[in-house]
Amino acid sequence: MRWLLAVLFTLNVLLFLWIQTNPEQQSHARVTDATDFGEIRLLRELEPAARTENSEPENTLDSTSDSSVADSEAVQRPPAGNEKAVDENRSAPPVPSDTSFSVDTANAEEYCGEIGPFPSRNMAEGYRRKLAANKGAKAELESRRGKVTVGYWVMIPPLADTKQAEQMLKKLREAGFNDLWLMRKGEHANGISMGLYTEERYAKRHADNILTKGFETRLVPKLKNARLFWVQFSQVGTAAIQELAESKFPQGVSLQKKVCSQGSAGN
């Protein structure tokens with residue numbers, strides 16, 4: 001094995017020596033190594049005209065494209081003297097046809113007035129809050145001394161004198177009525193009470209039963225002094241006042257309203 005390696009090494013050495021000593025091989029190597037790049041010149045050595053010609057880009061647009069660009073510019077460019085109109089149209093886009101405009105309610109009617117009397121502050125406060133919830137409306141409570149209904153008399157109206165009243169009282173007893181009271185003084189003097197009821201509906205029912213036996217009666221509220229409450233309001237719109245007018249008030253409560261001018265706010 002060693003002798004084979006020695007032979008190969010010797011052959012390589014001989015081949016190297018032959019290449020180095022052969023002149024044709026050396027000239028061939030020099031020819032192949034020399035590359036001809038032609039005449040090399042620096043860019044600054046070129047003439048200015050040559051640099052301008054070489055640096056000018058080629059025009060890739062043909063005559064057809066030039067004409068089309070000119071036509072498009074002619075279409076987009078407004079006629080002379082109308083540049084201002086075009087700018088105004090661009091700054092103010094047209095309003096769509098389906099746009100709804102709000103109605104000017106500056107001159108709408110406004111109402112002021114009061115609601116009452118309420119027998120309790122809590123009841124009046126509920127109506128005050130409802131009115132004050134409307135935009136621009138004002139509502140506040142006010143208390144006054146007054147008379148409040150505490151019941152209803154079913155009464156034979158006052159007669160001409162005490163004698164006639166006593167005769168009517170006798171007839172009623174003969175008809176089977178026992179709960180009777182002859183009023184001898186006061187604003188209802190010579191009238192005959194046939195019952196006192198806290199609710200009006202029960203008083204009406206009893207009056208109808210008396211009528212079936214041939215006696216006509218009437219309902220007379222029983223009043224007493226008390227502190228009552230009112231809701232004073234102003235600047236309430238038409239829709240809100242209409243809704244309030246259509247609502248059902250407690251018995252004895254009413255709505256007083258009138259159209260107020262724009263300058264009466266807070267009155």
| said: Are the side chains of R227 and R144 in contact, using a 4.5 Å heavy-atom criterion? | reply: no
| message | Could you see if L169 belongs to whatever hydrophobic cluster contains F215? Use Ile, Leu, Val, Met, Phe, Trp, Tyr and a side-chain cutoff under 4.5 Å. | response | yes
| said: Ring centres under 6.0 Å, that's the criterion: do Y127 and F233 meet it? | reply: no
| message | Working to the nearest 0.5 angstrom, can you tell me the gap between S193 OG and M183 CE? | response | 4.5 Å
| If every non-hydrogen atom of S234 is compared with every non-hydrogen atom of C112, which pair is closest and at what distance? | CA-CB, 3.8 Å
| query | Under 4.5 Å between side-chain heavy atoms, hopping through other hydrophobics if needed: is there a path connecting W153 to L223? | reply | no
| Is there a path of hydrophobic side-chain contacts, each under 4.5 Å between heavy atoms of I, L, V, M, F, W or Y residues, that connects I115 with V259? | yes
| Parallel, tilted or perpendicular: which fits the ring planes of Y197 and H206, with parallel below 30° and perpendicular above 60°? | tilted
| task | Check whether any side-chain heavy atom of M194 lies under 4.5 Å from a side-chain heavy atom of I210, and answer yes or no. | result | yes
| said: Does E142 have more than 12 heavy atoms from other residues, nucleotides or ligands lying within 6.0 Å of its CD? | reply: yes
| remark: On a heavy-atom basis, the closest approach of L244 and F249 is O-CZ, 3.4 Å
| message | Using 0.5 Å steps for rounding, measure from the OG atom of S143 to the CZ atom of F118. | response | 14.0 Å
| T217 and A207: which non-hydrogen atoms are nearest, and at how many Å? | OG1-CB, 3.4 Å
| request: Might you confirm whether atom CZ of R173 has over 12 heavy atoms from other residues, nucleotides or ligands at distances under 6.0 Å? | output: no
| field | Heavy-atom closest pair, residues A132 and A139 | value | N-CB, 4.2 Å
| said: Using 0.5 Å steps for rounding, measure from the CD atom of E243 to the CG atom of L131. | reply: 9.5 Å
| Would a distance-only check, ignoring hydrogens and angles, find a side-chain to backbone donor-acceptor pair under 3.5 Å from N134 to A137? | no
| message | Please determine whether a side-chain nitrogen of the Lys or Arg among E166 and K171 lies less than 4.0 Å from a carboxylate oxygen of the Asp or Glu. | response | no
| query | Which atoms form the tightest heavy-atom contact between I192 and M168, and what is the distance? | reply | CD1-CG, 3.7 Å
| said: Using side-chain heavy atoms (C-beta onward) and a distance below 4.5 Å, is T149 in contact with K222? | reply: no
| request: For salt bridge (charged side-chain N to carboxylate O under 4.0 Å, His left out), just list the numbers for E125 and R129, CA-CA rounded to whole Å, side-chain angles, deciding distance to a tenth of an Å, and then say yes or no. | output: CA-CA 6 Å; E125 177 64 17; R129 291 179 179 178; 3.1 Å; yes
| Are side-chain heavy atoms of T198 and V150 found at a separation under 4.5 Å? | no
| said: Would you compute the distance between atom NZ of K258 and atom CD1 of I241 and round it to the nearest 0.5 angstrom? | reply: 13.0 Å
| task | Rounded to the nearest 0.5 Å, what's the gap from CZ on R128 to NZ on K138? Could you check? | result | 13.5 Å
| remark: Residue set satisfying side-chain contact (heavy atoms from CB on, under 4.5 Å) with E200, at least two apart, ordered chain then number -> Y152, K204, L219, Q251
| message | Are M123 and F229 linked, directly or through intermediate hydrophobic residues, by side-chain heavy-atom contacts shorter than 4.5 Å (ILVMFWY only)? | response | yes
| Straight-line distance of F177 CZ to I156 CD1, nearest 0.5 Å | 8.5 Å
| query | Heavy-atom count around E174 CD within 6.0 Å, excluding the residue itself: above 12? | reply | yes
| query | Are Q232 and E114 close enough that a side-chain donor and a side-chain acceptor fall under 3.5 Å? | reply | yes
| request: Report the C-alpha separation of E216 and L211 in whole Å, then their side-chain angles, then the decisive distance to 0.1 Å, and conclude whether the side chain to side chain contact (heavy atoms under 4.5 Å, CB included) test is met. | output: CA-CA 5 Å; E216 293 186 0; L211 184 60; 3.9 Å; yes
| query | Does one hydrophobic cluster hold both V154 and L196, with members joined at side-chain heavy-atom distances below 4.5 Å? | reply | no
| query | If you look at every heavy atom in V148 and P119, which pair is closest and at what distance? | reply | CG2-CB, 4.3 Å
